[in-house]
Amino acid sequence: MSNLPILPVALPLASAVVLLFLRDRPALSRTVAMAANLVTFAAAAKLLLTVRDQGIQVLQFGNWPAPFGIVFTVDMLGALMVMVTMVVSTATLLFACFSLDEPRERMFFYPLFQFLLVGVNGSFLTGDLFNLFVWFEVLLISSYALMSLGGGAYQLQETFKYLVVNALSSCLFLIGVAIIYSLTGTLNFAQLSVRMAEVPDPALKAVVAVIFMLVFSIKAALFPLYMWLPRAYFAPPTVISGLFGGLLTKVGVYALFRVVSLLFADLPFVLPLLVFVAGATMFFGVIGALSQWDMKRVLSYHIVSQIGYMIMGLGLFSQVALAGGIFYIIHHILVKTALFLIAGAVEKSRGTTNLRRLGGVIETEALLAGLFMVAGLGLAGVPPLSGFIAKLLLIQAGLQQGSYGIVAVSLLVSFLTLFSMMKIFRYVFWREEGLPRIEEGGNRARLLSIAVLVLLGVAMGLGASVVMPYAETAAEQILNPQLYVAAVLGEP
Amino acid sequence: MYSLILAVAVRYTYPLLLLFAAFLFLKGHNSPGGGFIAGLLTAAAIVLSYIASKRSPGDGPDRFFVNLIGFGLCVALTTAAVPVFLGYPFFTHTFGFVDVPLLGKVELASASLFDLGVYMVVVGNVVTVIRAMTGQ
């Protein structure tokens, strides 16, 4: 048994400990954090390749065999999520090194960043329901601290709301875990998957399903539970909102994929409900974005709207739809983080992200404007960019299954997304009058971190044939939970 | 607020509390107790000594308890990671029996090293948090 699956969790944890001691030396902290991130990146890449070549990987902690011990189970979906997490976190970290103020850096920013990665990667890798709760808490506690870091009144106020919402959903999560344990006597995902199918009482099963969907809908910001997101992501420094916007809600989406596919896919109401919620999330998210006049707020509402597409993939639940949904998640994490970082660069250069006051950024920062254009078009789904491929697959799956309603909504939302991206472009970059530049000289490192993400997004669109097999394998494993079960519990 | 009665009482209860914490820590391997509870008790003892003394909890060296969290994490992570280098899964623990004079046969488990890490993290954390909340 290889210890590879633990590395994406253990390495950030070790670096967080080291960074804790280096808190008074920001320059050294940056180097150590960056080096640690690159090593973890390499480990994640190795893990992804191992999963591709050898199938699902299982690590039993402390040599206690599943289902008695706690396991890490890495299937293609988990490995992909860890990989893309490391890509965006490395880019975000680079951006943070060159944009964060020193008081924040001294106030444990780098250790907290690494602890956040511990939680995110742990959630993607674990094969145990209660363990998932624990990793969620790890990432939430780090995110509370990061969100309130160095905050003024507004930031603290929004962090408090974020904390209350998440504490509530964690509480529900725990209740759900307790009920499921009383029903089945196990918390190991693989064994749960076997035993949930044998639960005689459909009503109780439905209750559990509703509780878990509620919990992860709050975390993933689905309709009608997304109200906390736009304000919470507006408050902290942009680099932190970028990381959160790219990653955190996607942990909720991942958890929905995992739980629904393994435990609740056979309940008749689950999938149609998800499709309905997906449509509503898309639509109301984009309407919210259209009404906003601040770059960060517009982008935050678009997170909500885009999550609808991922859930659409889950709700349609076919090979094509799931592959499309997974492709969408990866595309979204890259592009959305890039867009947030662009907002951060604009904020650094002009001192605001208010659309009404900005303008003419293209004259001084043409490259930034170009990157925004590409990322924005990618988000809206203009061919040949990555968003197009993802949406094409989803719509194809929708048409195959005759779900014309959701297809219509998703097409409409794409147009509105395009409109909203053009609105940002027109007001921030294109317009003639606007605030003058307050920062001398562009920052190459910040541009580099944005450019890497945007180019990866473009590469994902152009080289879709390279990425697609991974998404297809992941979809296949999701559709066949017996593969997951066999990997953990052995052949039946 | 300084109280002579409390100060004198704490002078005698402080070592007792620490002793009880040590007892809980060792007992924790196979029965209720362990690093977490012992850590809480130790932190409570330290906070009590702050309350009883004339010093304000916010005074004094700030770094020690924050560093204690780091050291605790180090200890815990190392005990979990050592088996990796010996070819076992992460977190594998072992135990053995050692003859100690006076006490006879004693069970030593590597899991208690992990518990020691937990203990340090809890003490460092609780004291840091309480100091931060009362300091200003």
Side-chain angles (χ1 to χ4, degrees), chain A residues 1-25 29 32 36 43 47 57-66 68-74 106-108 110-112 114-115 118 121-122 125-128 131 134 138 141-142 144-145 148, chain B residues 28-30 34-36 58 61-96 109-133 135-136:
Chain A
M1 181 181 299
S2 155
N3 273 298
L4 190 58
I6 190 66
L7 287 182
V9 173
L11 291 172
L13 184 57
S15 72
V17 176
V18 174
L19 288 165
L20 205 58
F21 290 110
L22 297 179
R23 62 186 177 279
D24 290 331
R25 305 180 63 182
S29 288
V32 172
L47 184 62
Q57 297 288 305
V58 182
L59 172 66
Q60 298 171 339
F61 284 135
N63 228 352
W64 294 94
F68 308 109
I70 291 169
V71 290
F72 263 16
T73 314
V74 196
R106 283 180 190 271
M107 220 39 219
F108 304 102
Y110 296 107
L112 286 169
Q114 297 292 335
F115 277 124
V118 172
N121 285 345
L125 296 175
T126 188
D128 185 284
N131 223 234
V134 175
V138 172
I141 290 169
S142 322
Y144 300 149
S148 61
Chain B
H29 189 52
N30 287 325
F36 191 87
D62 195 35
R63 312 184 55 83
F64 175 76
F65 288 105
V66 179
N67 283 340
L68 194 62
I69 302 174
F71 285 123
L73 282 173
C74 264
V75 172
L77 190 63
T78 314
T79 21
V82 163
V84 172
F85 299 105
L86 303 175
Y88 292 101
F90 198 73
F91 257 127
T92 305
H93 282 294
T94 180
F95 61 95
S110 66
S112 59
L113 278 175
F114 183 81
D115 233 16
L116 181 67
V118 174
Y119 173 82
M120 289 159 76
V121 172
V122 172
V123 174
N125 231 324
V126 174
V127 177
T128 308
V129 167
I130 290 179
R131 284 165 62 113
M133 290 199 300
Q136 40 205 312

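Every chain is numbered from 1 and lettered A, B, ... according to where its sequence line falls, protein lines coming before strand lines.
- When atom types are taken as modelled, the side chain of Asn3(A) and the backbone of Tyr88(B) share a donor-acceptor pair closer than 3.5 angstrom.
- Both the backbone and the side chain of Leu13(A) come within less than 4.5 Å of a heavy atom of chain B.
- Taking CG of Leu68(B) as the reference point, atom OG1 of Thr128(B) lies at 8.0 Å (rounded to 0.5 Å).
- Of all the listed residues (Phe72(A), Phe61(A), Trp64(A)), the one sharing the greatest number of non-hydrogen pairs under 4.5 Å with chain B is Phe61(A).
- By number of non-hydrogen pairs under 4.5 angstrom with chain B, the leading residue of Leu20(A), Leu19(A), Ile70(A) is Leu20(A).
- In this structure, the side chain of Thr126(A) does not engage the main chain of Gly122(A) through any donor-acceptor pair within 3.5 Å.
- Formation of a donor-acceptor pair under 3.5 Å by the Asn121(A) side chain with backbone atoms of Val9(A) is not found in this model.
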